[in-house]
Asks: 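There's a structure below that I have some questions on.
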Amino acid sequence: MLMDNEFCSAFKGDIIGKEIIYLDSVTSTMDAAIEIGRGGDNFDGTVIVADVQTGGKGRFGRKWISPAGVNLYFTVLLKPDFRPENASMITITAAVAVAKAIRQYPGLKAEIKWPNDILVKGKKTAGILTEMKSVAGLIELLAVGIGVNVNMTSEMMVSDIRDIATSLKLEQHEDVNRITLFRGILSELEKYYKILLNGNKGALINEWLSLNSTIGRKVMVRNQDSVETGVAEGLSDQGALILRLESGETRTINAGDVTIL
Ligand code: BTN
């Protein structure tokens, strides 16, 4: 069911939130957003938010647990005028926006684990999934999906994530208002997305560095076909992780799962 509610009027920026579409239930806001993007050209800044997802998606084909009435699940559609190889800067931008917003409200010390995990006290409380459609070296559509465990209880988490995941309520010991947080994230996203569009990647990377818990640490990076261990040395200007291996060589890693050792 499509309805007008508090989510729809939570935020209206120059770009982000031009239109906010609320759906009670979807398979995934990613699929709903991509469908909307396919239907026309005028989607830049449209946000699709749902109360529950029946097939919430995480990175690498994982499930994103999405019970009703407790968390935030939304996807922001964008059509930036830059080349596909710069698209991972959007994940960096979104991670900064989510961490900043959580630090403002409810005021917890959120940290970013490269590339897309938002941690509170070392446990994952939010994740970002970016999907892109590009044609002939141009971005046609970017769908930036954000999921935040807001008021989820540990009983709602499947047992294999209970030790590594948390929610804002579990850390704050009181209910957190989803609308206030949604507004805060969209407002920070508008701010940092404009910085990205203005070409000020350096400022964005510095902001990311000030919020991250990865750089300087010994890490293991796992992706579909390899596992590498080394010291996370920095971020490239396209948002990739620079890893110094024990051999002294450096690797630039575009995608993967980081474990801090
Ligand atoms: C991850 O950390 O693996 C990414 C999780 C992204 C979850 C969000 S919830 C809103 C949007 N819809 C989805 O199905 N996934 C993203």
Side-chain angles (χ1 to χ4, degrees), residues 7 10 16-17 20-37 43 46-78 87-88 90-99 101-102 110-120 122-133 141-152 156-158 160-168 178-179 181-182 185-186 189 212-214 221-224 239 241 254-260:
F7 281 105
I16 312 283
I20 298 180
I21 299 170
Y22 170 81
L23 302 161
D24 268 346
S25 172
V26 281
T27 315
S28 157
T29 58
M30 300 307 279
D31 301 342
I34 288 167
E35 200 57 44
I36 288 166
F43 55 73
T46 296
V47 181
I48 294 88
V49 55
D51 186 53
V52 57
Q53 299 187 115
T54 53
K57 301 193 279 190
R59 289 194 317 145
F60 303 121
R62 293 188 197 118
K63 283 189 181 150
W64 187 258
I65 300 171
S66 309
V70 285
N71 291 338
L72 281 175
Y73 320 110
F74 60 99
T75 297
V76 182
L77 277 169
L78 298 170
S88 42
I90 263 293
T91 307
I92 297 292
T93 306
V96 167
V98 175
I102 293 173
E111 291 182 320
I112 305 168
K113 180 161 77 75
W114 184 88
N116 73 326
D117 291 353
I118 309 297
L119 311 181
V120 172
K123 289 183 166 189
K124 181 156 170 170
T125 189
I128 297 154
L129 178 69
T130 306
E131 292 182 358
M132 172 174 67
K133 300 225 170 295
L141 169 157
L142 264 180
V144 185
I146 299 175
V148 189
N149 298 339
V150 184
N151 291 312
M152 189 152 86
M156 292 175 184
M157 296 174 191
V158 289
D160 54 337
I161 67 161
R162 235 168 251 157
D163 290 343
I164 53 166
T166 188
S167 74
L168 300 177
R178 285 192 295 170
I179 304 293
L181 180 65
F182 181 57
I185 295 174
L186 294 182
L189 190 59
N212 101 91
S213 64
T214 312
V221 188
R222 200 183 277 125
N223 63 31
Q224 258 118 354
L241 184 71
N254 293 307
D257 255 343
V258 166
T259 306
I260 301 193

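First listed ligand is number 1; within each ligand, the first listed atom is number 1. Reckoned from all heavy atoms, side chains included, excluding hydrogens, waters and symmetry mates.
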Asks: Can you give me a line-by-line list of nitrogen or oxygen pairs between ligand 1 and the protein shorter than 3.5 Å?
Replies:
| residue | atom | partner | partner atom | Å |
| --- | --- | --- | --- | --- |
| ligand 1 | 2 (O) | Asn116 | ND2 | 3.4 |
| ligand 1 | 2 (O) | Lys124 | NZ | 2.5 |
| ligand 1 | 3 (O) | Arg59 | N | 2.7 |
| ligand 1 | 12 (N) | Thr29 | OG1 | 3.0 |
| ligand 1 | 12 (N) | Gln53 | OE1 | 2.9 |
| ligand 1 | 14 (O) | Ser28 | OG | 2.7 |
| ligand 1 | 14 (O) | Gln53 | OE1 | 3.3 |
| ligand 1 | 14 (O) | Lys57 | N | 2.7 |
| ligand 1 | 15 (N) | Lys57 | O | 2.7 |

Asks: Assess, by modelled atom type and distance only, whether the side chains of Thr91 and Thr130 contain a donor and an acceptor separated by less than 3.5 Å.
Replies: yes
Asks: How about Ile118 and Ile112: do any of their side-chain heavy atoms sit closer than 4.5 Å?
Replies: yes
Asks: Got more than 12 heavy atoms from elsewhere within 6.0 Å of CZ, Arg222?
Replies: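 Atom CZ in Arg222 is not crowded, with 12 or fewer foreign heavy atoms closer than 6.0 Å.
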Asks: The criterion is ring pair (Phe, Tyr, Trp, His ring centres under 6.0 Å); which residues satisfy it with Phe182, sequence neighbours excluded?
Replies: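 Testing Phe182 for ring pair (Phe, Tyr, Trp, His ring centres under 6.0 Å), a comparison that skips the adjacent residues, returns Phe7, Phe74.
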Asks: I would like to know whether Arg59 and Asp257 meet salt bridge (charged side-chain N to carboxylate O under 4.0 Å, His left out); could you show each step before the answer?
Replies: CA-CA 9 Å; Arg59 289 194 317 145; Asp257 255 343; 2.9 Å; yes
Asks: Can you tell me how far apart CD (Gln53) and OG (Ser66) are? Round to the nearest 0.5 Å.
Replies: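 Gln53 atom CD to Ser66 atom OG measures 4.0 Å (nearest 0.5 Å).
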